[in-house]
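Model, not experiment: these values are computed from the prediction. Both ligands and their constituent atoms are indexed starting at 1 by order of listing.
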Amino acid sequence: MTMIGCQDYRDAMACLGAAVNIVTTDGAEGRAGFTASAVCSVTDDPPTLLVCLNRSSSAHASVLGNGVICVNVLSADHEALSRLFGSGVPADQRFGAGVWSTLETGAPVLADCTAAFDCRISEVANVGTHDVLFCSVVALKRSNLADNLIYFNRRYHVVRASQQDPNHCVPLMEKRR
Ligand SMILES: NC(=O)C1=CN([C@@H]2O[C@H](COP(=O)(O)OP(=O)(O)OC[C@H]3O[C@@H](n4cnc5c(N)ncnc54)[C@H](O)[C@@H]3O)[C@@H](O)[C@H]2O)C=CC1
Ligand SMILES: Cc1cc2nc3c(=O)[nH]c(=O)nc-3n(C[C@H](O)[C@H](O)[C@H](O)COP(=O)(O)O)c2cc1C
């Protein structure tokens with residue numbers, strides 16, 4: 001059997017562009033948040049998404065202890081905020097750089113995010129270094145913003161929806177000429 005090394009795996013995963021999110025929590029176990037690209041939709045019935053969280057993350061104890069999260073989908077203006085939530089700075093400094101509200105669970109909702117999915121964690125699977133959080137979506141917020149922050153090839157990019165048809169996204173490279 002061929003053994004794939006972590007570095008080879010990461011180098012290949014760097015070829016996979018992904019939306020960037022700030023995943024937040026609040027409750028008895030404290031407020032915390034981290035930048036996450038490992039987020040995806042599982043099923044629309046019942047509305048369920050998953051988030052992969054490194055067990056070594058400073059947010060891990062709060063996320064698991066509170067049992068609630070909000071997935072805040074980032075837009076073009078959020079690169080600096082994404083860097084902050086992906087760095088080692090304390091939670092107060094991270095949250096101080098944004099404006100937050102709440103929906104149903106009390107997890108922080110970023111004021112000007114593209115979309116927010118407010119969730120209760122329904123199942124947790126341990127896989128390697130990460131916990132895979134299966135999350136029931138209990139409330140939603142959707143803006144009319146027509147762009148997304150994307151992490152690809154270890155850099156941030158922006159994908160914008162076309163002016164003519166807000167439901168149709170034009171290719172990344174076309175918008176970066
Ligand atoms: N799923 C995760 O836990 C991710 C963690 N990161 C962390 O952010 C920092 C910067 O990452 P990059 O600039 O993209 O360079 P990198 O070389 O560390 O990562 C390249 C790609 O590999 C994947 N990856 C990286 N670390 C991973 C991990 N521990 N578990 C699963 N997948 C992982 C991600 O798809 C990432 O975009 C690193 O510390 C990295 O560990 C970044 C993306 C995803
Ligand atoms: C673009 C990007 C995507 C990331 N995606 C994830 C992720 O999906 N899951 C995760 O556990 N960590 C992810 N991270 C790493 C955490 O954001 C980062 O480790 C954490 O916020 C900083 O570590 P600390 O909070 O433990 O100090 C990502 C980092 C970046 C920059």
Chemist: Could you establish whether Ser37 and ligand 1 come within less than 4.0 Å of each other, counting only heavy atoms on the residue side?
Modeler: yes
Chemist: Answer yes or no: does an N/O atom from Arg154 fall short of 3.5 Å to an N/O atom of ligand 1?
Modeler: yes
Chemist: In ligand 2, which numbered atoms sit nearer than 4.0 Å to a non-hydrogen atom of Gly88?
Modeler: 27 (O)
Chemist: Do you see a protein non-hydrogen atom under 4.0 Å from atom 8 (O) of ligand 1?
Modeler: no
Chemist: Relative to atom 31 (C) of ligand 2, which among Phe85, Tyr156, Phe152 owns the nearest non-hydrogen atom?
Modeler: Tyr156
Chemist: Answer yes or no for atom 19 (O) of ligand 2: protein heavy atom present at a distance under 4.0 Å?
Modeler: no
Chemist: For atom 24 (P) of ligand 2, tell me which residue out of Ser37, Gly33, Ser58 has the closest non-hydrogen atom.
Modeler: Ser58
Chemist: With the threshold set at under 4.0 angstrom, would you say Val20 reaches ligand 2 through any of its heavy atoms?
Modeler: no
Chemist: Take atom 12 (P) of ligand 1 and look for protein heavy atoms under 4.0 Å from it; say yes if you find one, no if not.
Modeler: yes
Chemist: side-chain contact (heavy atoms from CB on, under 4.5 Å) with Tyr151: which residues, sequence neighbours excluded?
Modeler: Val20, Arg154, Tyr156
Chemist: Which atoms from ligand 2 have a heavy atom of Ala38 less than 4.0 Å away?
Modeler: 8 (O)
Chemist: Check Arg94 against Ser58 and note the closest heavy-atom contact, atom names and distance.
Modeler: NH2-OG, 3.9 Å
Chemist: Considering distance alone, does some N or O of Arg94 sit under 3.5 Å from an N or O of ligand 2?
Modeler: yes
Chemist: Looking only at non-hydrogen atoms, which of Phe34, Tyr151, Tyr9 approaches atom 37 (O) of ligand 1 most closely?
Modeler: Tyr151
Chemist: Kindly identify the option in Met13, Arg155, Arg10 whose heavy atom sits closest to atom 27 (C) of ligand 1.
Modeler: Arg10
Chemist: N/O of Leu53 under 3.5 Å from N/O of ligand 2, yes or no?
Modeler: no
Chemist: Mark up the atoms of ligand 1 that fall under 4.0 Å of a heavy atom belonging to His130, in ascending order.
Modeler: 1 (N), 2 (C), 3 (O), 28 (C), 29 (N), 30 (N)
Chemist: Please determine whether a side-chain nitrogen of the Lys or Arg among Arg160 and Asp147 lies less than 4.0 Å from a carboxylate oxygen of the Asp or Glu.
Modeler: yes
Chemist: Here's a test for you: under side chain to side chain donor-acceptor pair (under 3.5 Å), which of Thr24, Thr105, Asn72 qualifies with Asp118?
Modeler: Thr105
Chemist: Number the atoms of ligand 2 from 1 as they appear, then name those within less than 4.0 Å of a heavy atom of Ser87, with their elements.
Modeler: 22 (C), 23 (O), 27 (O)
